[in-house]
There are 2 protein chains.
Amino acid sequence: MKKATKTEIPRKTVYRLSVYLRCLHKLKLNKLQTVSSEALARAAGVKPTQLRKDLTYLGQFGIRGLGYDVEQLSQMITVHLGTNRLQPVILVGAGNLGNALLQYHGFEPEGFEIIAAFDQDPQRQRDKILRIPLHPMSKLPQIIQEFRVRMAILAVPAAAAQEVANALIDAGILGILNFAPIVPAVPEHVALNNVNLAIELENLSYFLKE
Amino acid sequence: MKKATKTEIPRKTVYRLSVYLRCLHKLKLNKLQTVSSEALARAAGVKPTQLRKDLTYLGQFGIRGLGYDVEQLSQMITVHLGTNRLQPVILVGAGNLGNALLQYHGFEPEGFEIIAAFDQDPQRQRDKILRIPLHPMSKLPQIIQEFRVRMAILAVPAAAAQEVANALIDAGILGILNFAPIVPAVPEHVALNNVNLAIELENLSYFLKE
DNA sequence: TTAAAGCTGTGAAAAAAGCCACTAAAACAG
DNA sequence: CTGTTTTAGTGGCTTTTTTCACAGCTTTAA
């Protein structure tokens with residue numbers, strides 16, 4: 001018997017869907033109309049069976065003997081990931097990493113725009129050329145409300161992370177991409193993704209094969 | 001029957017050990033001598049039972065009724081992760097993200113030093129102040145050999161990623177921390193960790209609860 | 001010394017993720 | 001048409017990861 005409620009997409013699958021989407025985008029640039037699970041899987045660094053299984057969560061629209069329609073598939077994934085509409089994002093902490101992220105234009109092609117940055121010291125901005133405004137922390141609630149911001153990038157030092165996270169949540173932020181080297185405690189209703197570059201390196205070093 | 005060879009530490013556990021290590025470091029700064037699994041787990045954002053289970057892979061040195069010795073535990077983890085000695089790292093690609101990472105000093109406290117950067121265009125460096133030398137790609141093999149570099153950070157555009165990855169591997173690199181928005185194919189003996197900031201954001205946005 | 005409370009260590013169960021073998025559909029070649 | 005090849009979809013097996021329940025040390029208090 002089929003479930004009445006639509007099945008939840010597994011966490012890992014959601015993550016991989018983003019990867020597939022990125023690969024499909026590249027294929028589109030190359031004017032490819034269709035792609036097989038094998039080719040796409042290789043591009044994404046996963047096994048073909050896993051790719052196919054992942055895609056079944058979105059329904060069936062592969063063509064047996066041929067593959068998937070690149071355009072259709074990428075639209076399908078986009079719809080499911082809910083990245084149709086542009087999402088405004090704010091960044092807190094204009095230190096080393098924060099500035100780096102501000103200068104990094106890799107978010108925009110994916111539908112995210114950093115509309116404002118915040119820092120304790122709003123004079124801190126070195127790169128005057130940046131077109132992203134830098135505000136003092138006190139303007140956080142106002143801007144979040146005004147632009148209906150739901151996600152924030154947290155790039156402050158460890159010591160400030162929890163406090164700033166609290167402020168963000170109080171102001172209505174629902175998702176935090178955390179670069180601070182501690183894991184802030186957040187209430188149930190807030191989504192949190194942690195990225196720690198040092199840990200990534202450390203982890204890599206463990207898996208070096210001699 | 002027990003395995004003769006010492007059991008492998010699970011992938012996920014290795015990753016979390018790094019997180020614990022970071023938390024322990026903070027505790028040390030606060031002059032705490034011991035910590036319970038519950039407290040440390042909360043700091044790391046995991047469940048206490050998971051923390052304890054993770055630690056059993058390193059042996060037993062918790063004290064029942066009391067907790068873990070902060071100093072001893074952090075040394076234990078350090079030894080197991082093999083981060084006793086400093087590791088030289090190189091960075092390839094001095095674009096937006098590459099420069100950002102060069103300016104980011106978060107690696108050094110964790111025992112990694114970016115000793116050199118490489119770019120197709122070695123004039124590219126904007127920040128003249130940087131004390132990290134920027135070399136042309138042609139010097140890759142020489143420097144990797146000279147400094148016995150085993151890990152590289154890859155921060156080049158998608159189009160160049162595979163080619164540069166190949167060059168790194170040919171020159172003897174054993175681990176790649178990849179920031180490029182594609183997953184390069186690497187041989188069996190090379191470890192690869194992928195970080196894609198855009199995907200992290202996209203992933204977060206999916207899990208926003210309304 | 002004894003009792004109570006606080007914690008760790010761990011086997012076993014449960015859940016999640018990954019993988020494979022096989023089925024079925026479509027395309028293609030002749 | 002017909003047979004062959006290519007490729008998606010899937011049930012369920014295997015492995016990995018997480019969680020649970022509880023046994024067993026340690027400390028503390030009286």
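Reckoned from all heavy atoms, side chains included, excluding hydrogens, waters and symmetry mates. Just so we're on the same page: letters track the sequence lines, and every chain starts at 1. Fair warning: this is a prediction, and the values are worked out from it, not measured in the lab.
For the residue pair A:T13 / A:D54, a side-chain donor-acceptor distance below 3.5 Å is found, with atom types taken as modelled. Judged purely by distance below 3.5 Å, without hydrogens or angles, the side chains of B:Y15 and A:E200 pair a donor atom with an acceptor atom.
Screening residues 23-36 of chain B for salt bridge (charged side-chain N to carboxylate O under 4.0 Å, His left out), with sequence neighbours left out, gives B:K28-B:E71.
Boundaries of the chain A contact region on DNA chain C are C:dA17 to C:dA26, first to last in 5' to 3' order (nucleotide atom under 4.0 Å from a heavy atom).
Contacts between residues 17-30 of chain A and DNA chain C, defined by a heavy-atom separation under 4.0 Å, are absent.
Remark: P of D:dT27 and CD of B:Q33 are 14 Å apart, rounded to the nearest angstrom.
In this structure, the side-chain contact (heavy atoms from CB on, under 4.5 Å) partners of A:S18, at least two apart in sequence or on a different chain, are A:R22, A:L81, B:I199, B:E202. With sequence neighbours left out, the side-chain contact (heavy atoms from CB on, under 4.5 Å) criterion links B:E163 to no other residue. Contacts of A:K47 classified as salt bridge (Lys or Arg N to Asp or Glu O under 4.0 Å), with partners at least two apart in sequence or in another chain: none. Under the side-chain contact (heavy atoms from CB on, under 4.5 Å) criterion, B:Q142 pairs with B:K139, B:E146, not counting sequence neighbours. Taking A:A159 as the reference, nothing meets the side-chain contact (heavy atoms from CB on, under 4.5 Å) condition, with sequence neighbours excluded. Partners of B:R52 according to the salt bridge (Lys or Arg N to Asp or Glu O under 4.0 Å) rule, which considers only residues two or more places apart in sequence or in another chain, do not exist here.
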Which parts of nucleotides 1-12 of chain D does protein reach within less than 4.0 Å, heavy atoms only, written one letter per nucleotide 5' to 3' as B for base, S for sugar-phosphate only and - for none?
-----BBBBSBB
List every contact pair, protein side and nucleotides 13-17 of chain D side both N or O, where the distance is under 3.5 Å.
none

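The environment of NE2 in A:H135 is crowded: more than 12 heavy-atom neighbours from other residues, nucleotides or ligands sit within 6.0 Å.
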Taking only distance into account, with no hydrogens and no angle test, what donor-acceptor pairs under 3.5 Å do side-chain atoms of residues 165-179 of chain B form with protein atoms, sequence neighbours excluded?
unit_1, atom_1, unit_2, atom_2, d
B:N166, OD1, B:Q162, NE2, 2.9
B:N166, ND2, B:Q162, O, 3.4
B:N178, OD1, B:A180, N, 3.0
B:N178, ND2, B:A180, O, 3.3
B:N178, ND2, B:I182, O, 2.9
B:N178, ND2, B:N194, OD1, 2.8

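Cation-pi contact between A:R11 and B:F207: present, with separation from the ring centre below 6.0 Å and deviation from the ring axis of at most 45°.
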